[in-house]
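Here's the structure we're looking at; comments come further down.
To find a chain, count down the sequence lines: A is the first, B the second, and so on, and within it residues start at 1.
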Number of protein chains: 2
Amino acid sequence: MEGSGFTTGALATALRADIAEGRLLPGAPLRQEELALRFGTSRIPVREALRTLQAEGLVDYSPNRGATVAIVTDTEIQEMLEVRIALESHALRLAIPNAADADIAAARAILAEYDAAPSPESWAAMNWRFHWALYLPCECRRLLDAIERNFKHFSTAARTKISALAGKDRPQREHHRLLDLVGRGRADDAVALLTEHIRDTQRSIRATGRAG
Amino acid sequence: MEGSGFTTGALATALRADIAEGRLLPGAPLRQEELALRFGTSRIPVREALRTLQAEGLVDYSPNRGATVAIVTDTEIQEMLEVRIALESHALRLAIPNAADADIAAARAILAEYDAAPSPESWAAMNWRFHWALYLPCECRRLLDAIERNFKHFSTAARTKISALAGKDRPQREHHRLLDLVGRGRADDAVALLTEHIRDTQRSIRATGRAG
DNA sequence: CTCCCGCTTGATGTATCCAATCCTATTTGT
DNA sequence: ACAAATAGGATTGGATACATCAAGCGGGAG
């Protein structure tokens with residue numbers, strides 16, 4: 001009989017979105033039966049989707065106890081930012097010699113949108129689009145994949161929280177400087193700035209983690 | 001009924017090993033029925049295991065056509081080595097200030113075994129154990145996880161081929177120098193050497209790729 | 001010879017059952 | 001009265017059987 005045409009892949013996509021956008025909160029149990037009912041399928045595609053998400057690290061699985069949305073502690077966020085530094089510094093270094101005028105222009109256009117963006121949610125989205133635009137010319141698909149995979153472990157909520165925490169001015173100033181350095185081909189300086197840029201985020205999280 | 005007690009997780013582990021150790025060659029089709037028969041289970045755990053491996057990138061999946069062992073081209077090996085540089089340079093830099101005498105001693109012990117290792121297969125294994133020992137003190141689990149995940153995409157066969165290609169002497173010389181630099185806390189030099197060490201591998205693969 | 005149809009193969013999904021396990025709450029023993 | 005044992009319900013994990021669907025092939029018809 002029919003359902004909503006949800007297949008395993010579509011199910012995984014839907015769950016990923018639910019997690020990323022905070023409709024499913026960290027720690028929430030993911031009951032197979034309930035999800036099957038909600039998506040109009042049997043339990044089997046649900047289980048397969050959950051396995052996929054588990055392998056991606058978005059879901060914690062314990063045998064005979066089922067899946068829960070992965071909880072990401074502040075420590076883990078720090079570690080994910082450390083991975084960001086590792087991957088994105090290198091991608092940036094590879095990208096700079098390849099960056100064409102069109103690439104720079106694209107990044108500049110995103111910064112312009114950024115300047116006009118009103119809310120922390122939009123800052124977070126713009127922020128990522130800008131960074132991504134910088135890495136794109138690196139021409140190393142697996143590196144970009146790794147960056148994206150790491151990025152997906154930050155929920156939209158977490159990103160928005162971080163953006164709100166950092167405000168808009170200082171990151172945006174750094175973005176402009178970063179783009180300038182990239183445009184001049186100053187790889188070492190750009191990488192150093194990017195590293196500091198991410199370390200700033202680490203510091204502000206550490207600070208709020210202590211405060212509450 | 002019976003079965004060999006294979007559960008989804010065990011099945012994924014077994015398949016991972018079969019792929020890593022070359023019993024399942026790249027491009028080989030993974031038929032659900034056949035695997036179910038071989039492992040004495042039904043198709044359901046097989047499918048879940050395949051989904052897991054797909055998410056890990058060890059298996060290619062096309063809708064309605066099933067799974068095949070992922071094909072890793074020379075280009076992709078180059079890219080995976082690029083990811084190695086990104087992740088492992090950073091892990092090494094973080095590890096060096098944390099490296100205790102016991103860590104150095106452990107790495108040195110592995111190098112001693114390495115010196116005695118006879119065959120390319122054992123070189124490859126030792127090589128990894130040595131590198132891993134260097135990164136371990138970085139105290140950043142997610143970084144180590146990312147390194148391991150990337151590493152698992154090299155099959156044992158590929159690693160052995162690479163080891164045979166590079167021989168034993170030059171890598172081993174570099175390993176000794178690397179350990180020496182780590183022991184003295186010379187982070188910048190160690191990272192530079194590690195990068196060159198991996199770039200050497202890239203070059204020798206590029207060379208054989210051209211030759212045949 | 002080429003194109004199209006239909007058959008076969010294998011993947012995907014459903015429904016139903018059963019076993020194992022975990023959680024909870026109740027009962028039991030001291 | 002309180003801790004330990006246990007019984008029951010809920011949930012996952014897996015087996016089996018069946019239905020459906022897409023892709024590849026093989027054999028004719030044009």
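The separation between A:R31 atom CZ and C:dT21 atom C1' is 14 Å, rounded to whole Å. In this structure, B:E48 atom CD and C:dT12 atom P are separated by 13 Å, rounded to whole Å. In this structure, CG of B:L50 is placed 13 Å from C1' of C:dG10, rounded to the nearest angstrom. Atom CD of B:E33 is separated from atom P of D:dT16 by 11 Å (rounded to the nearest Å). Distance CG (A:L11) to P (C:dG13): 9 Å, rounded to an integer number of Å. Between A:D60 atom CG and D:dT12 atom C1' the separation is 16 Å, expressed in whole Å. Per the geometry, CG belonging to A:N64 stands 5 Å off P belonging to C:dC22, to the nearest Å. Atom-to-atom, OH of B:Y61 to P of D:dA22 comes out at 17 Å; the value is rounded to the nearest Å.
Within a 6.0 Å radius of CD in A:E196, more than 12 heavy atoms belonging to other residues, nucleotides or ligands are found. A 6.0 Å sphere centred on CD1 of A:I71 holds no more than 12 heavy atoms belonging to other residues, nucleotides or ligands. Taking a 6.0 Å sphere around CZ of B:R141, one finds it holds 12 or fewer heavy atoms contributed by other residues, nucleotides or ligands.
Nearest-nucleotide assignment on DNA chain C puts the 5′-proximal partner with B:P63, out of B:I44 and B:P63.
Between C:dC22, C:dT14, D:dA23, one nucleotide has an atom nearer to the side chain of A:R65 than all others, and that is C:dC22. In the set C:dT14, D:dG13, C:dT12, C:dT12 carries the atom at the smallest distance from any side-chain atom of B:R47.
Residue-level contact check: A:Q32 touches the backbone only, with heavy atoms under 4.0 Å from sugar-phosphate atoms and none from bases. Within the nucleic acid shown, B:L30 comes within 4.0 Å of sugar-phosphate atoms alone, with no base atom in reach, counting heavy atoms only.
A donor-acceptor contact under 3.5 Å links the side chain of B:R43 to the base of C:dT12.
If you look at B:F151 and B:W128, their ring centroids are closer than 6.0 Å. For B:H90 and A:H90, the ring centers sit 6.0 Å or farther from each other.
In this structure, A:T8 reaches the C:dG13 phosphate: one of its side-chain N or O atoms is under 4.0 Å from OP1 or OP2.
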